[in-house]
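To start, the structure under review is shown below, and the notes come after it.
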Amino acid sequence: MIKTTLSIILILFALITSAQTSVPQQRPTLDEKSVVRGEDGLVYPYNVWRKLMQSGKYGVKSRQTKTDDGQQEWMIYELTAEQRKAMMDRMPKPRQSDSFIAGEKFNGFKTSDMNGNKFDLKNPTGKVIVLNFWFINCPPCKAEIPELNELTEAYKDQDVIFLAIALDEKYLLKDFLKTLPFKYNIVDNGRFIADKYKVKGYPTHVVIDKTGTIKFSTLGLASNTIGWIKKSIDESLATN
């Protein structure tokens with residue numbers, strides 16, 4: 001009886017010990033003091049690797065090395081298309097704009113861009129419309145421009161219209177675009193359009209499908225914002 005009891009106690013102790021050691025260790029939160037290296041082995045400054053991570057195109061993992069003073073080192077690496085999709089699927093959908101509700105019909109407008117091109121969005125165009133509400137002195141608005149430019153290039157031969165509603169006046173935009181080109185069709189002095197839809201935060205993005213229905217909208221910039229814009233464009237193009 002004593003031997004049996006002792007055996008049970010030993011088994012339970014072994015199971016408890018195994019359960020405790022199998023609990024995964026939580027990865028430390030990276031900050032400006034973290035040592036992050038590229039795949040080339042060079043240490044990346046905080047503002048550089050942070051910007052890469054915010055793009056949603058890069059991941060970070062333990063490098064299995066330490067600095068001379070014993071600090072853990074990390075490695076930033078470019079994600080494959082499959083890894084980026086898997087990461088986007090794991091992340092929560094970006095916050096929807098209160099001004100544009102998915103599934104509702106888009107109450108359109110007529111306007112002209114800085115180059116005199118006219119757009120009539122009052123009726124369904126048979127094309128996918130992608131709107132971006134922004135202004136020059138908005139840090140996240142500027143940060144996303146390179147990726148938005150890539151988006152326009154990806155769909156340049158398809159039925160997609162990219163329209164950026166800027167709050168700024170034309171002369172300010174012309175100076176800005178000399179240093180940071182933006183490939184959307186840009187509407188200058190568009191505050192009255194933003195006010196029409198009660199847009200309160202920037203950037204605000206909207207994707208409208210070929211039937212004039214709001215497919216997707218979001219307020220602010222998350223690491224998967226551009227991914228969701230692309231996903232919404234693709235789904236809208238796929239429907240007849």
Side-chain angles (χ1 to χ4, degrees), residues 24-97 130 132-156 160 162 164 166 176-184 186 201-207 216-234:
Q25 297 297 310
Q26 190 171 20
R27 193 176 77 181
T29 301
L30 275 64
D31 57 26
E32 63 274 10
K33 295 181 181 178
S34 300
V35 179
V36 178
R37 296 181 182 273
E39 294 180 88
D40 53 9
L42 296 177
V43 175
Y44 281 28
Y46 171 69
N47 62 326
V48 173
W49 66 257
R50 183 171 178 269
K51 187 173 182 179
L52 290 174
M53 291 295 294
Q54 287 176 333
S55 73
K57 297 180 179 180
Y58 292 81
V60 66
K61 61 184 178 182
S62 173
R63 195 168 181 266
Q64 304 298 325
T65 57
K66 292 185 178 181
T67 62
D68 292 341
D69 60 1
Q71 186 178 357
Q72 171 71 56
E73 293 186 331
W74 303 91
M75 184 176 75
I76 188 167
Y77 61 98
E78 189 169 4
L79 299 170
T80 64
E82 291 77 13
Q83 288 172 326
R84 288 171 63 183
K85 183 180 183 303
M87 184 178 72
M88 193 181 83
D89 290 343
R90 289 195 301 268
M91 297 176 67
K93 187 175 182 179
R95 172 186 173 188
Q96 179 173 255
S97 166
V130 183
N132 170 222
F133 292 83
W134 72 293
F135 62 96
I136 288 173
N137 290 324
C138 164
C141 299
K142 291 188 288 187
E144 68 180 358
I145 286 177
E147 285 194 273
L148 295 179
N149 287 341
E150 291 179 11
L151 207 59
T152 63
E153 284 297 310
Y155 296 97
K156 64 181 179 181
V160 184
F162 293 92
F176 173 82
L177 294 172
K178 290 176 184 177
T179 57
L180 183 56
F182 192 2
K183 295 181 180 180
Y184 271 49
I186 300 175
Y202 301 85
T204 287
H205 295 278
V206 192
V207 178
F216 169 77
S217 76
T218 187
L219 167 64
L221 176 61
S223 60
N224 60 342
T225 293
I226 309 301
W228 268 93
I229 295 173
K230 185 179 188 306
K231 171 182 168 69
S232 303
I233 293 173
D234 289 341

Practice task
Go through V130 and Y155 one step at a time and tell me if the side-chain contact (heavy atoms from CB on, under 4.5 Å) criterion holds.
Solution key: CA-CA 11 Å; V130 183; Y155 296 97; over 6 Å; no
Practice task
Under the side-chain hydrogen bond (donor to acceptor under 3.5 Å, both in side chains) rule, collect the residues that match up with Q83, sequence neighbours excluded.
Solution key: T80
Exercise for the section: Taking the side chain as every heavy atom from C-beta outward, state whether F182 and W134 have any pair of such atoms under 4.5 Å apart. Expected result: yes
Exercise for the section: Kindly compute the distance separating CD (E73) from OG (S34), expressed to the nearest 0.5 Å. Expected result: 11.0 Å
Practice task
State whether Y77 and K61 meet the cation-pi test: NZ (Lys) or CZ (Arg) under 6.0 Å from the six-membered ring centroid, and within 45° of the perpendicular axis.
Solution key: yes
Handout entry: Any K230 side-chain heavy atom under 4.5 Å of L151 side chain
Key = yes
Practice task
Any chance you could lay out the side-chain contact (heavy atoms from CB on, under 4.5 Å) test for V60 and W49, step after step, and finish with the verdict?
Solution key: CA-CA 9 Å; V60 66; W49 66 257; over 6 Å; no
Exercise for the section: Specify the closest pair of heavy atoms between L180 and K142, including all atoms of both residues, with the distance to one decimal. Expected result: CD2-O, 3.9 Å
Handout entry: Verdict with reasoning, W228 to K93, per side-chain contact (heavy atoms from CB on, under 4.5 Å)
Key = CA-CA 8 Å; W228 268 93; K93 187 175 182 179; 3.5 Å; yes
Completion exercise
Smallest heavy-atom separation, A143 atom then L221 atom, equals CB-CD2, 4.4 Å
Exercise for the section: Starting from the C-alpha separation in whole Å, work towards a yes-or-no answer on side-chain contact (heavy atoms from CB on, under 4.5 Å) for E144 and H205. Expected result: CA-CA 11 Å; E144 68 180 358; H205 295 278; 2.9 Å; yes
Problem - Gap between atom CG of L52 and atom NZ of K57 - 0.5 Å precision - result: 10.0 Å
Problem - Spatial distance of atom CZ (R95) from atom OG1 (T225) [nearest 0.5 Å] - result: 12.0 Å
Fill in the blank from the handout: Interatomic distance, OG1@T65 vs CD@Q72, rounded to 0.5 Å, equals 7.0 Å
